[in-house]
Each structure stands twice: as structure tokens, then as C-alpha cells.
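Let me begin by presenting the structure, written as C-alpha cells, before commenting on it.
Just the heavy atoms: all of them, side chains too, but no hydrogens, waters or symmetry mates, feed the values below.
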Amino acid sequence: GGKKQAKLTDSDEEVDQQQQPKTSSSTTEGETDGERNYWLLKAEPETRLENGVDVKFSIDDLASKTEPEPWDGIRNYVARNNLRAMKKGDQAFFYHSNCKEPGIVGTMEIVQEHSPDLSAHDPKAPYYDAKSKPSDPKWSVVHVEFRSKFAEPIGLKELKSMGDAPGKPLANMQMLKQSRLSVSKVSKEEWEYLIGVAEARGKVITR
């Protein structure tokens, strides 16, 4: 069968704020070289057709891959700029979205930093963008590998309850503040707190 082309995309109302992609020598504000960063990436585990192609992609699909998987189909500038800020070795939560039980279901690692998202130039791809040209690509992918699947997901309702008041562990979590965003930042404190919650619920399957 054909290679899966896309993960969750956002409606794209923003203006492109980032004129130049970062060079590998630059650092974002508050970040030092060699420091690991954390992220949350959303994908849809249930069948949905986009441009005639099923965009379904779950944590189990990722776990079955034997090679690094391109995280493609991002068509939102804030999400794309988060992709471009990712460094090799960064960790990310895998979030099941647009489904009966949305929530964080496991983790993955960024194993290859950003490169152009070639699916944007394919008219048969789910998230084809006629405005993006191969000579001047607007969109990016990173490549990821499966790292763990939680014994029990951490559901969206629970995540909201962990961040619904000042001082709570997820009070400032980007995903909860910008719920439409398909690629968001996670602080080290948020990451460690949520990993602790997951581990307290039973064996985490790792690779």
C-alpha cells in the first residue's frame, strides 16, 4: 500500500512569522546548546479521509515502523516553527487526537532534524499545498522513532484537570492553552510530571 502521508493539521490562519529557518548554530531564547527539549505531537488514530487518503496514524503504527518516520502534513506556521526548533535527541509525547478518547499514549524521539515536507508538493497527498514550491518549500518534517507506549493513556479531561488553576502542574502547558495546535512545546517539569503519572499506572512498554 501507499505510504501514509499526513498527521493532524491545523486550520492555518497565521502569517508566516519566521522569515529564515534557523541555522544549526543558533539557539532559541532560553535554550542552551546540548539541552534536551520536550514536545507534544498529535496524530489521528481513527480513519478519516483527507483528499481521498486515510490519514489514520496511531502509536501502534509508529511502534511497527522499522525506520525513522517522517512527521509530515503540518500546515500551520506555529506548529511548523516548533518542528524547526526540534533537535536530534529531543523527546516528544504522542497524542491521539480527533478520536473517542483523546490523550497522551506514549513517547517518541526526534532522530532527524527538520527537512522540507515533500508531501506538500504532491497533488495526491492529503495536505497538498499548491502555494508551496519545491524551490521554496514552506513546510517541514522531522523524523521520529517510537520509544514507549503507556499502560493507560492520560486522557484530555485529566490533562485539563491538571492545568485548570494557577499553580497546578500543567497550568502553563502550551497544548492546553492553544488546543488547536498539533505540535506544541512541553517544559521539562511538565514532561517529568506526566512521565511519573504514566509510570504510576503500570508498566510502560519501551523499545
Sidechain N-carboxylate O distance under 4.0 Å for Lys138, Asp129: yes
Ser119 and Asp117 side chains, donor-acceptor separation under 3.5 Å: yes
Short side-chain donor-acceptor distance under 3.5 Å, Thr107 and Ser148: yes
Salt-bridge criterion met for Glu46 and Arg48 (N-O under 4.0 Å): no
Pairs touching residues 184-197 that satisfy salt bridge (Lys or Arg N to Asp or Glu O under 4.0 Å), sequence neighbours left out: Lys188-Glu192
Polar side chain donor-acceptor pair, His96 to Ser58, under 3.5 angstrom: no
Asn82 (side chain) donor-acceptor with Leu40 (main chain) under 3.5 angstrom: no
Nearest non-hydrogen partners of His143 and Val141, listed with the distance: CE1-CG2, 4.1 Å
Donor on one side chain, acceptor on other, Thr47 and Asp54, under 3.5 Å: yes
Nearest heavy atoms of Ile74 and Arg80, plus distance in Å: CG2-N, 3.8 Å
Sub-4.5 Å side-chain heavy-atom contact between Arg75 and Trp139: yes
Steps toward side-chain contact (heavy atoms from CB on, under 4.5 Å) verdict (Met108, Leu62): CA-CA 9 Å; Met108 52 196 161; Leu62 180 62; 3.6 Å; yes
Sub-4.5 Å side-chain heavy-atom contact between Val204 and Lys149: no
Donor-acceptor contact below 3.5 Å, side chain Arg36 vs main chain Gln91: no
Any side-chain heavy-atom pair of Val197 and Met162 under 4.5 Å: yes
For Ala79 against Leu181, the heavy-atom pair lying closest together: N-CD1, 3.8 Å
Nearest heavy atoms of Ser184 and Met175, plus distance in Å: OG-CB, 3.6 Å
Contact summary for Tyr127 and Val55, nearest pair of heavy atoms: OH-CG1, 3.9 Å
Centroid-centroid distance, Trp71 to Phe94, less than 6.0 Å: yes
Which atom of Arg84 lies closest to which atom of Pro137, heavy atoms considered: NH2-O, 4.1 Å
Aromatic contact, Phe93 with Trp191 (centres under 6.0 Å): yes
Electrostatic pair Asp164-Lys168, nearest N-O below 4.0 angstrom: yes
Residue of the set Leu41, Val105, Leu159 for which side chain to side chain contact (heavy atoms under 4.5 Å, CB included) holds with Tyr95: Leu159
Salt bridge (Lys or Arg N to Asp or Glu O under 4.0 Å) pairs, two or more places apart, involving residues 93-111: Glu109-Arg147
